[in-house]
Structures are given as C-alpha cells and as structure tokens.
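Because only heavy atoms are used, hydrogens play no part in the values below, and waters and symmetry mates are left out as well, while side chains stay in. Residue numbers start from 1 in every chain, and the chains themselves are labelled A, B, ... in the order their sequence lines are given, proteins ahead of strands.
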Number of protein chains: 2
Amino acid sequence: MSLVQTELVAVLVVFNGDTPRVLTLEDGRSLPNGPLRTDDRSLQASLRAAVERQTGVAVGHLEQLYTFADHLPADGEPRRVAISYLALTRVGAERPAEHANPFDEAGSPAAWRDWYDYFPWEDQACPRAAPAVGALLQRLDDWITRQSPERWEELRQRRDQVFGLNGESWNDELVLQRYELLYEAGLVPEAQMADIGGDACVTGLAMRHDHRRILATAIARLRAKIRYRPVIYELMPDQFTLFALQQAVERVAGRHVHKQNFRRQVAHQGLIEETGDESREAGGRPARLYRFRRSVVMERVVAGSKLPIVRAR
Amino acid sequence: MSLVQTELVAVLVVFNGDTPRVLTLEDGRSLPNGPLRTDDRSLQASLRAAVERQTGVAVGHLEQLYTFADHLPADGEPRRVAISYLALTRVGAERPAEHANPFDEAGSPAAWRDWYDYFPWEDQACPRAAPAVGALLQRLDDWITRQSPERWEELRQRRDQVFGLNGESWNDELVLQRYELLYEAGLVPEAQMADIGGDACVTGLAMRHDHRRILATAIARLRAKIRYRPVIYELMPDQFTLFALQQAVERVAGRHVHKQNFRRQVAHQGLIEETGDESREAGGRPARLYRFRRSVVMERVVAGSKLPIVRAR
DNA sequence: CCGATTAATACTCATATTGAGTATTAATCT
DNA sequence: AGATTAATACTCAATATGAGTATTAATCGG
C-alpha cells in the first residue's frame with residue numbers, strides 16, 4: 001500500500017439559457033479542486049455538501065467521472081491522483097461567482113465560463129465558429145505532413161474519424177478523442193503555458209495540469225448521457241418551454257436537433273407535464289410551460305430517454 | 001492535499017464457453033489488488049502490464065470502473081481509496097490459476113470462479129436458480145415487513161423495480177442496485193463474515209472489504225456495454241461459432257436471446273467474417289466459424305453494436 | 001440404415017422508431 | 001397590416017425490433 005496525494009476535482013455545469021458554463025478558478029485556468037479529507041464520509045456525499053455550502057447552488061446530479069494519475073513527478077515528491085466529478089446545477093440560485101470554490105473558502109476568484117471557450121471546435125452548431133475550426137484542421141494537417149510518411153495514413157484516418165471528415169460523420173461524443181489528437185499534435189497549449197492567448201479562438205483557452213482533459217471527459221460524458229438518461233432536466237429551471245429544453249440539448253450537444261421529432265419524442269416519453277401557464281418572453285406565439293415529473297423518474301429507474309440528435313448530412 | 005492509501009483492484013473476466021468467471025484470491029474471498037506504486041507510468045498501462053506479466057493472459061479490453069473510498073477508518077489510520085478496473089481476457093493462454101495475482105508474485109492461491117457464485121439471483125436464464133431467488137425474495141419481503149410501515153410502499157416499489165416484479169420487467173443492468181438493496185436488508189453477509197457458507201446458494205458467496213460491490217459494478221458495466229460496443233468479442237477465442245457468441249452474450253447478460261434476431265443483427269453489423277472452416281464439436285449440423293474483424297472496429301470508432309436481448313414476457 | 005438430436009438457415013409479419021419533410025395556426029412586435 | 005416568432009398538426013418512407021414458422025444439414029446412438 002502506498003501513500004499518494006489525492007485530490008478531488010469538480011466540473012460544475014450550469015446552463016443559463018445561452019450556453020453551458022463551467023465554474024472555473026484562477027482566471028479560468030483551473031477547475032475547482034481540493035484535498036480529499038480524512039473526515040469525509042463518502043466521496044460523493046462530501047463533494048455534494050462542499051459544493052452546496054460554498055457555491056450556494058443545489059447539485060441536481062452528481063457522478064464520478066474518472067480518476068487520473070499524473071505523469072511521473074520529480075523524484076522524492078509523492079504521486080498525485082485526481083478523482084474527478086461531474087455536477088449539474090440549476091441556474092438561478094447560485095451565489096455570485098466570486099469565491100465559489102467549493103474546496104477553499106478563501107480561494108481565488110471564481111467565474112462561470114462558456115465551455116466552448118476551451119473547445120471552440122466542439123460547437124458545430126455555431127456557424128461563426130467554422131473559420132476557426134478550418135484553421136485548426138489546417139494546422140492539424142500541417143502537423144501530419146511533418147510526421148514520418150508511414151504514419152500519414154493512420155493519422156489521416158484518425159483525423160477523419162474524430163472530426164467527421166471525408167465521408168465520416170461528426171460524432172459529438174468524441175470530445176476526448178479530439179482533444180487527445182490535438183494534444184498529440186501540440187495544438188493545445190497546455191504544455192507551453194507561456195503563449196496563452198494569441199489564437200485562443202482557434203485552439204481554445206488552456207488550463208493548468210490536466211484540467212482541460214477532465215473538462216473534455218465531462219463534456220463527452222454529458223453528451224452521451226443526455227441520450228439515454230433524462231439528465232438534461234437537471235440543468236433546466238423549474239418551469240421551461242419545449243423550445244428552451246431543445247436549446248439546452250442543442251447547446252450541450254453542440255449541434256442542431258429536428259424540432260418536430262424532438263417534441264414527438266419528449267412528448268411520448270411522458271417525463272414532463274404542462275404547468276398550465278404560458279411564457280410570452282420570446283415575443284411570438286406564447287409557449288406552454290412544462291415541468292419535469294420527478295416522481296415518474298423515481299418509478300422508472302432506467303427509463304430509456306433518448307434524444308433525437310440530427311444526423312450529419 | 002492529503003495523503004491516502006491507494007490501491008488498485010482488478011476484475012479480470014474470462015468466458016470459458018460455460019460461464020463468465022472472475023479471478024479471485026483467498027479462496028474466492030477477494031479480488032486481485034495491489035498498491036499503486038509511484039514508479040508506474042499511467043494507471044491503465046501499469047495495470048495492463050502487471051496483469052499480463054503475472055497471469056499470462058492478454059488483456060483485450062481494460063477500463064476504469066470506479067474509485068471507492070472506504071468508510072471512516074479507525075482514527076490514526078490513513079484513509080483507503082480503491083481504484084477499480086474491469087479487464088476482459090481471452091480464455092486459453094492463461095497460466096494455471098495458482099499465484100495469478102497480478103499485484104503480488106508471492107500472493108495467495110488464485111482461482112477463476114463463476115461470477116454467479118457471488119450473485120445467484122443474477123442468473124435469470126438458469127431455471128435451477130429460480131428456487132433460490134424465490135427464497136431470497138421471501139427474506140427481502142420479511143425484512144421489509146419488519147421496517148416501519150411508512151417505508152413499506154417505498155421499499156416494495158424499489159424491490160419491484162430492481163427485481164422486475166409486479167408488472168415491472170427485469171433489467172439485467174441493475175446489478176448494483178439489487179446488491180445494494182440486499183445489503184441494506186442485511187441479506188448479503190459481507191458485514192458478518194462469520195457465517196459464510198450456510199446458504200451461499202441463496203445469498204451468494206461473500207467477499208472481503210467491498211469487493212463484492214466492485215464485482216457488481218463490473219458485471220453491470222459489462223452488461224451495459226455489450227449492448228452498444230462490441231466488447232463481447234474480447235471474451236471470444238480467435239474463431240467461434242455464432243452459437244458460441246450467442247451463449248457468451250446470454251451468460252454475461254444472464255438471460256436468453258432470440259436466436260434468429262441475434263443472428264440478423266450480428267450479420268448486419270458487419271463486425272465478423274467467416275473463416276471458411278466449420279466446427280463439428282457439438283454433434284449436430286456443423287456450425288460455420290467466424291472471426292472478429294478487428295480492422296473494422298478501428299475504422300468505426302463508435303459503431304453502435306447493440307445486441308438483441310429478449311424482453312421480459 | 002433410421003430416427004432422434006443439434007444446430008444452421010430461410011422466411012414472414014406486425015409493430016415501433018426514426019429521420020425528414022410540408023402546412024397551418026396563434027400570438028407578439030413594429 | 002405585415003413581419004416575426006414559435007407552437008402544432010400531419011404525412012411519408014425507411015429501418016429496426018420482437019416474435020414466430022418452416023426447412024435443411026449434419027452427427028450420434030442403436
């Protein structure tokens with residue numbers, strides 16, 4: 001049995017109607033993190049308590065993501081292990097973001113940031129992101145060409161798969177695979193923290209340690225999960241319109257959804273019910289308001305709740 | 001940052017044509033486990049190397065399962081954290097099971113054991129297990145009746161959901177939920193290790209620490225995964241018949257599969273190809289032999305590969 | 001050599017799900 | 001009044017799924 005330094009890292013996600021955001025520290029360069037204390041009851045319970053106490057947001061859904069071990073540390077220093085969690089929270093009730101680090105009351109200023117700031121290429125639904133993606137793919141291409149020719153085929157195939165090129169279709173769940181290919185190509189500036197900025201709109205904002213990798217894991221997990229578990233509702237306010245629900249799915253998945261089919265599926269899952277009220281915020285025909293039927297989910301422990309994400313054309 | 005004792009725990013699964021088996025130590029009472037050493041490169045890589053060096057089996061598929069923290073230890077002692085992995089291996093090339101602990105060359109005798117020895121109620125396809133399941137449900141019922149009446153409704157509902165009673169259908173993926181309900185009811189003798197034996201055919205064999213919980217997590221993960229990733233092939237030998245493949249799925253899932261539909265789906269996934277040979281081991285019409293097309297899987301990183309598991313009637 | 005056994009294989013059929021589309025209606029905003 | 005915003009109502013074809021029946025091809029035990 002060996003002693004290692006163990007820390008918890010949390011990816012706290014909120015959706016404010018506009019874009020999914022994550023709680024960050026250090027001017028957006030790290031995720032909330034803190035030590036695993038020996039007096040904590042269970043990992044899950046203590047993390048939930050810490051988050052709720054410190055940030056004031058109720059954690060709707062909390063799940064373990066992955067346990068990362070860092071690469072070999074300098075000798076003499078203990079090994080570092082990070083146990084990461086994904087937490088979904090509802091917008092509205094949270095404290096101002098400052099000092100919202102769940103692990104450290106006197107921590108550095110915290111802020112909720114658009115997760116696409118870190119992964120601009122993941123926002124496939126956003127046409128204005130397209131040029132940046134083009135630039136990134138160009139650089140990836142350049143890098144491949146600089147490798148030894150016998151690797152070209154394999155690397156190009158991998159590029160096509162993960163970025164949905166040349167006949168392959170875009171798979172929104174491959175967030176981590178895309179990040180790792182770019183990392184291999186030296187296109188995400190984690191290693192050389194010096195040149196942050198510059199073209200962050202192409203390569204995304206960098207983070208300390210392996211926090212951007214953890215964030216990629218979180219996004220991938222959430223995108224996969226909304227297809228078969230009703231977790232998207234954990235990001236919605238008490239009452240919401242179907243259009244708002246659709247936008248949440250679209251912004252999380254980074255792609256468009258077929259409206260009529262989306263409604264059809266949501267309707268026949270029977271997981272939501274009308275409140276009777278209407279919303280006339282958008283300035284069109286008023287939209288009916290719905291609420292999530294929490295009781296039904298209790299009944300069906302594992303209700304398949306796939307969401308109809310539009311295929312690539 | 002705090003120092004905790006950190007260990008690795010591996011659930012090594014093999015399918016010998018008869019039943020899924022897991023590698024166990026200490027006369028079946030624990031899973032292979034060992035310290036996280038500071039000289040290991042990455043968790044995944046070092047675990048793979050350790051398993052292959054020690055047991056002689058090639059690990060086909062390795063994935064992290066979950067990181068468990070034990071309950072509060074006696075004061076003064078450091079906290080224990082276990083990072084658990086699921087490893088799928090092919091039968092045939094492994095060394096005799098003795099001393100097959102991947103973490104400890106001089107470890108206790110090891111053995112491959114039927115995983116249903118630990119979870120008899122999970123084998124729904126086996127008619128001779130039915131009486132034991134009946135007995136177990138009877139005891140669960142007795143326990144519920146001994147609780148305070150205002151909990152009856154909730155507990156009975158939970159029982160019906162996880163065991164597929166009273167209109168609910170059996171969900172083979174709820175392995176952990178079933179174990180935890182039985183644990184709560186005091187029906188799995190982890191806590192009182194004294195009375196092992198007795199009715200192990202009803203409550204299953206016990207394990208030390210939380211190893212049976214880890215095993216439950218592994219079974220649940222594998223059952224879920226064979227529905228959408230072609231991991232079942234990691235348990236098959238190089239060549240196999242469609243019937244053998246079906247049996248592997250059935251034994252892992254613990255339930256029957258509709259033969260014609262199974263073949264239809266497997267065929268149109270295009271993940272296997274005929275070898276040209278036939279097997280006449282079973283003594284009937286000879287069955288064609290197939291092999292897994294590894295190259296295709298490389299191409300389709302995420303090929304949906306659902307398997308048609310028969311609905312409960 | 002015959003019939004039981006074992007399994008592969010070939011079809012059918014109804015129902016459900018999915019992806020994509022058109023058309024219409026109901027409100028607000030300028 | 002007409003543009004805008006969104007909800008709603010349908011249609012249609014293509015697949016996927018669950019459950020069957022019927023037939024064929026081999027081995028094995030006597």
Once salt bridge (Lys or Arg N to Asp or Glu O under 4.0 Å) is applied, do any residues pair with [X], and if so which ones, sequence neighbours excluded?
{"X": "B/Glu154", "result": "B/Arg151"}
{"X": "A/Glu250", "result": "none"}
{"X": "A/Asp114", "result": "none"}

Gap between atoms [atom1] and [atom2], on [X] and [N] respectively (whole Å):
{"X": "A/Asn261", "N": "D/dA7", "atom1": "CG", "atom2": "P", "value": "15 Å"}
{"X": "B/Gln247", "N": "C/dT6", "atom1": "CD", "atom2": "P", "value": "12 Å"}
{"X": "B/Glu274", "N": "C/dT9", "atom1": "CD", "atom2": "C1'", "value": "12 Å"}
{"X": "A/Arg227", "N": "C/dT17", "atom1": "CZ", "atom2": "P", "value": "18 Å"}
{"X": "A/Ile272", "N": "D/dA7", "atom1": "CD1", "atom2": "P", "value": "12 Å"}
{"X": "A/Asp277", "N": "C/dA27", "atom1": "CG", "atom2": "C1'", "value": "17 Å"}
{"X": "B/Gln269", "N": "D/dT17", "atom1": "CD", "atom2": "C1'", "value": "13 Å"}
{"X": "A/Leu289", "N": "D/dA6", "atom1": "CG", "atom2": "C1'", "value": "13 Å"}

Looking at [X], I'd like to know whether one of its side-chain N or O atoms comes within less than 4.0 Å of OP1 or OP2 on [N].
{"X": "B/Gln265", "N": "D/dA16", "answer": "no"}
{"X": "A/Lys259", "N": "D/dA7", "answer": "yes"}
{"X": "B/Arg288", "N": "C/dT9", "answer": "yes"}
{"X": "B/Arg263", "N": "C/dT9", "answer": "yes"}

Donor-acceptor under 3.5 Å ([X] side chain, [Y] main chain):
{"X": "A/Arg178", "Y": "A/Glu122", "value": "no"}
{"X": "B/Thr241", "Y": "B/Arg288", "value": "no"}
{"X": "B/Arg221", "Y": "B/Leu65", "value": "yes"}
{"X": "B/Arg90", "Y": "B/Tyr233", "value": "yes"}

For A/Tyr66, what residues pass the ring pair (Phe, Tyr, Trp, His ring centres under 6.0 Å) criterion, not counting sequence neighbours?
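A/Phe68.
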Between the protein and nucleotides 22-24 of chain C, list the N/O to N/O atom pairs that are separated by less than 3.5 angstrom.
{"from": "C/dT22", "atom 1": "O4", "to": "A/Gln260", "atom 2": "NE2", "distance (Å)": "2.6"}

Terminal axes of the helix from C/dC1-D/dG30 to C/dT30-D/dA1 (5 end pairs apiece), angle rounded to 10 degrees, sit apart by 10°
For DNA chain C, whose closest nucleotide is more 5', that of A/Arg264 or that of B/Ala287?
B/Ala287
Earlier contact from the 5' end, DNA chain C, for B/Leu242 and A/Glu278
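Its nucleotide being nearer the 5' end, the pick is B/Leu242.
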Quick one: do B/Arg227 and B/Glu173 make a salt bridge, cutoff under 4.0 Å?
yes
